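In this text, all values refer to a predicted model and were calculated from it rather than measured experimentally. All residue numbers in this chain count up from 1 along the given sequence.
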Amino acid sequence: MSYAPGLTRLGQGLGALLGVLVGAALLTGSRVAYRDSFRGVLDFVGRHPLPVVAGLSLVGAGADLRLPRPGMSRDPRPGARQLLAAGSALLLLLYLLPQRGKPFGLLLGERIVAAASAGGLRLVAGSVLFWALGLLPLFVAMAALRALRRSARPGILLGLGARYGLSGLAALLCLRLLLDELDPYAILLQLRTAVLLGVLVGSLSLGLEQVLRHLLYDPLPPLPPPSGLARDARLRELVRAYLTCGPEHDASVLDTPGVPASHALLRWLMRRRLAELGAELGLRRAGALRPSAPQAHAFLATLEARPVPPVGGDTAPPAVAEPGSLGLWLCTGAWRLPLALAAALVVLAGGLAWRLHEPEPDLAWKLGPATAAGDALFGDLLPAYVIALGRREARGEASERSPRAGDELRRQTSALVAAAAAVDRPLGRRVERIARRAVALDRTGLLWLDAVQEINRRVRELGMPYYVDGNALVGGAGEAGRREPLFYVTTYRVQAVRRFALAGRRRAALHVRRLDRLAIAGARLGMVRDDEPFALVMLDTVEESVRERLDALGRERRCGIGPGRGSDLARPADAACGQALRALLEAQGLDLGGGRARTERELVARQVAATERHELQHQLDGEDLAIAPALFRLAPGAADAELRAVTQELSALLAELATTDDLGAAWKLGDLAGHVLAQAAARSRYRYAAALVVGELLGRPVVGPGGRIDLAAAAELWQRAPARPGELGAWLAPRARAAHDRLVGTPLGPGSECSGER
């Protein structure tokens, strides 16, 4: 490849391309940045960014490259045509790629037809901007294909539309969001998307155009001083050697004896340059490769930026000092530049792989005993700090009370930091950091959550049996119409650490009990976090849920979906579930009367194991789990985030059933009933996931189009179950595994490797 020192055209183009590569590596290496930058209404960009960004960049470069420029020595159509063809092919490929279970072109057409046929000018007008976002790549591709005809020359609008059309429509969307009076922070996120798209596509397009314009169409003669480009420097060397050896040798300039061979790309560029030099003298391409002595002197004079000597005059070339450069050195050998490019690609790919690599989590945690100081710090002082922080940030707080709330927060913060420093000085510094970041301008909460992670890491290093779960929620409108983030933590005492091997990676589950007494965070059996390597199993919540269901089975002989929560159709199914579950438990030798304590212990152990398995499957699947294709047909109007959440719960529920014994399988049927039959959770992801599981176990669907659940059909599962008291686990497990393979398709862990700490 040729080389240009300084800010020449080639230098600018290579700089733009390098900036795009580095930026893309950094952006792609951060899932948070990638998700926040290409999500939202730009769904097709978020799912398939490569064909859109690359296609628009190629079309923009090809359109601008084909426009006439002063001093261009050649018709630019050959290079521009390839760019336009490749760009339009990539943009058209976008409409063939699957989205929501269908090709994007078909899905977009269905949306347009549905909105237009629904009637209503407001609905149609509100959808026009979204249609334009989806159709812009198609319009750009069609315009690029039209410009491929020899008689057609693309206008400047094609280049501008390809480079900045998508980001311009995204900016118009920001205006629409502003008119809808949404959260200004959401508008800023969308504006950032628009700016990033414009910078990415524009820089990539400009870089390609500048590099190709230099390589293919730089005008002659070059401006003085003599060009430092490797192409021209090597060509000067070849022409001098050609004159020294004499044109009488039957060899072309490029094959002059005594000059080391150049790599293929440099030879191609020099051949094009010789053709341009020959065209100035009226020579054909073959004549330019084997010029006469006067013609070779004219070539050399042009390359050295000096007057062409007159024919018959003194043709002795003066000595010219060649400028030295790294690019010239790289291009003087046949293998130097290819090896340098290969090394650069290895470094770039290695850096990108390092950014994308998920490091093995640090699961080292040797649990020590709980202490009075630790219980006071995590059970009293940290929750008291959260309460003081919430009071200061309370919505609608009177202005005269704000100083009082601020003073209380400062007192609680000082007491908290002092207590943490008394336990461990580095821990005190980390606790002080969450106090500072809680009042920082951090609308995303990423700084706050990072500070909470640092506390947990230090706690693990000290062997303390505590865990802090941090959350950042955006509350309602505060004073002056602002939406303030609410930062809070919940604290737990760790009872056990259990480690597993999941698809070749190590994960761990923490068995914990709630330590704080804050009325926040709800009653969950377990949870996982993307920023922590542990799944949490809430032992106190598990025990309470088992007691509640046993009470319902003993008193009312039902599975216990809650009084008043089920519809008239759900209550008979709940009763059928209760009868089936009682029969299965009694078949396992459990007593629902006087031997309640043993029964409760057995069922708590099964529920803990099921919850642990459920949360570990969430860890294995990750937050970017692909949506089950069946959900696109059942709920075509649902948002992707909702369908992905249903898929995640579907995978975890099937994982529980695939790795359980007869007693655990019987108890799990009660959980499925609680999810499917509860009316209060009509739009819950757990309800739809559980209904899909029931359908898979029965062998026929119970969820119809639009997400409608046939409760009468679902009740058949609990009518069948008592017939298999001693083989229920063996009957459910293979069906659950087959359903998981068909619907989800992810690995089903964990493996056999497991160790526990108590």
Side-chain angles (χ1 to χ4, degrees), residues 525 542-562 566 570-614 652-678 686-687 689-700 702 711-740:
L525 300 180
V542 168
E543 292 167 355
E544 183 179 357
S545 69
V546 170
R547 284 194 295 268
E548 288 180 353
R549 179 161 297 149
L550 285 176
D551 290 341
L553 284 173
R555 292 195 310 265
E556 305 175 30
R557 296 178 180 271
R558 60 183 179 84
C559 278
I561 62 175
R571 289 191 183 95
D574 188 22
C577 174
Q579 295 175 3
L581 188 53
R582 284 180 62 91
L584 289 169
L585 294 180
E586 291 171 353
Q588 294 292 327
L590 297 183
D591 186 1
L592 298 179
R596 169 73 178 268
R598 172 180 171 271
T599 299
E600 188 172 320
R601 287 195 303 271
E602 291 283 345
L603 294 177
V604 165
R606 297 308 192 282
Q607 185 62 65
V608 166
T611 304
E612 182 180 74
R613 183 65 192 84
H614 185 107
L653 291 175
L654 289 172
E656 291 183 59
L657 290 170
T659 54
T660 187
D661 59 6
D662 293 333
L663 180 57
W667 191 249
K668 190 59 194 174
L669 292 181
D671 284 342
L672 294 177
H675 292 313
V676 174
L677 303 178
Y686 300 101
R687 184 173 191 242
L692 287 170
V693 171
V694 170
E696 291 296 323
L697 297 178
L698 287 174
R700 58 187 181 88
V702 299
L711 296 180
E716 184 180 343
L717 176 64
W718 298 289
Q719 295 170 0
R720 290 188 188 180
R724 305 176 181 273
E727 57 181 18
L728 188 59
W731 179 68
L732 291 178
R735 286 168 172 77
R737 287 186 175 275
H740 192 277

Kindly indicate whether the side chain of [X], heavy atoms from C-beta on, has any atom under 4.5 Å from the side chain of [Y].
| X | Y | answer |
| --- | --- | --- |
| Leu654 | Val693 | yes |
| Leu603 | Leu585 | yes |
| Leu697 | Val694 | no |

Item to complete: Please lay out, stage by stage, how Arg601 and Val604 fare under the test side chain to side chain contact (heavy atoms under 4.5 Å, CB included).
Response: CA-CA 5 Å; Arg601 287 195 303 271; Val604 165; 5.9 Å; no
Between [X] and [Y], which heavy-atom pair has the shortest distance, and what is it?
| X | Y | answer |
| --- | --- | --- |
| Ala658 | Ala733 | O-CB, 3.8 Å |
| Gly729 | Pro734 | O-CD, 4.5 Å |
| Leu581 | Gly670 | CD2-CA, 4.3 Å |
| Arg687 | Val676 | NE-O, 2.9 Å |
| Val702 | Gly695 | CG2-N, 4.0 Å |

Approximate separation, where rounding is to 0.5 Å, of [X] [atom1] and [Y] [atom2]:
| X | Y | atom1 | atom2 | value |
| --- | --- | --- | --- | --- |
| Leu590 | Arg598 | CG | CZ | 5.5 Å |
| Leu653 | His740 | CG | NE2 | 10.0 Å |
| Leu663 | Gln588 | CG | CD | 5.5 Å |
| Leu584 | Leu728 | CG | CG | 6.0 Å |
| Leu732 | Thr659 | CG | OG1 | 11.5 Å |
| Glu716 | Arg700 | CD | CZ | 4.5 Å |

Discussion item. Under the criterion side chain to side chain contact (heavy atoms under 4.5 Å, CB included), I'd like the reasoning laid out for His614 against Leu525: C-alpha separation, chi angles, the key distance, then a yes or no.
Written reply: CA-CA 10 Å; His614 185 107; Leu525 300 180; over 6 Å; no
Item to complete: Report the C-alpha distance between Arg606 and Val546 in whole Å, list the side-chain angles of each, state the deciding distance to 0.1 Å, and finish with yes or no for side chain to side chain contact (heavy atoms under 4.5 Å, CB included).
Response: CA-CA 10 Å; Arg606 297 308 192 282; Val546 170; over 6 Å; no
Discussion item. Using a 3.5 Å distance criterion without hydrogens, assess whether the side chain of Thr660 forms a donor-acceptor pair with backbone atoms of Leu657.
Written reply: no
Fill in: Arg582 side-chain N/O to Leu553 backbone N/O, donor-acceptor pair under 3.5 Å
yes
Fill in: Arg547 bridged to Glu600 by N-O distance under 4.0 Å
yes
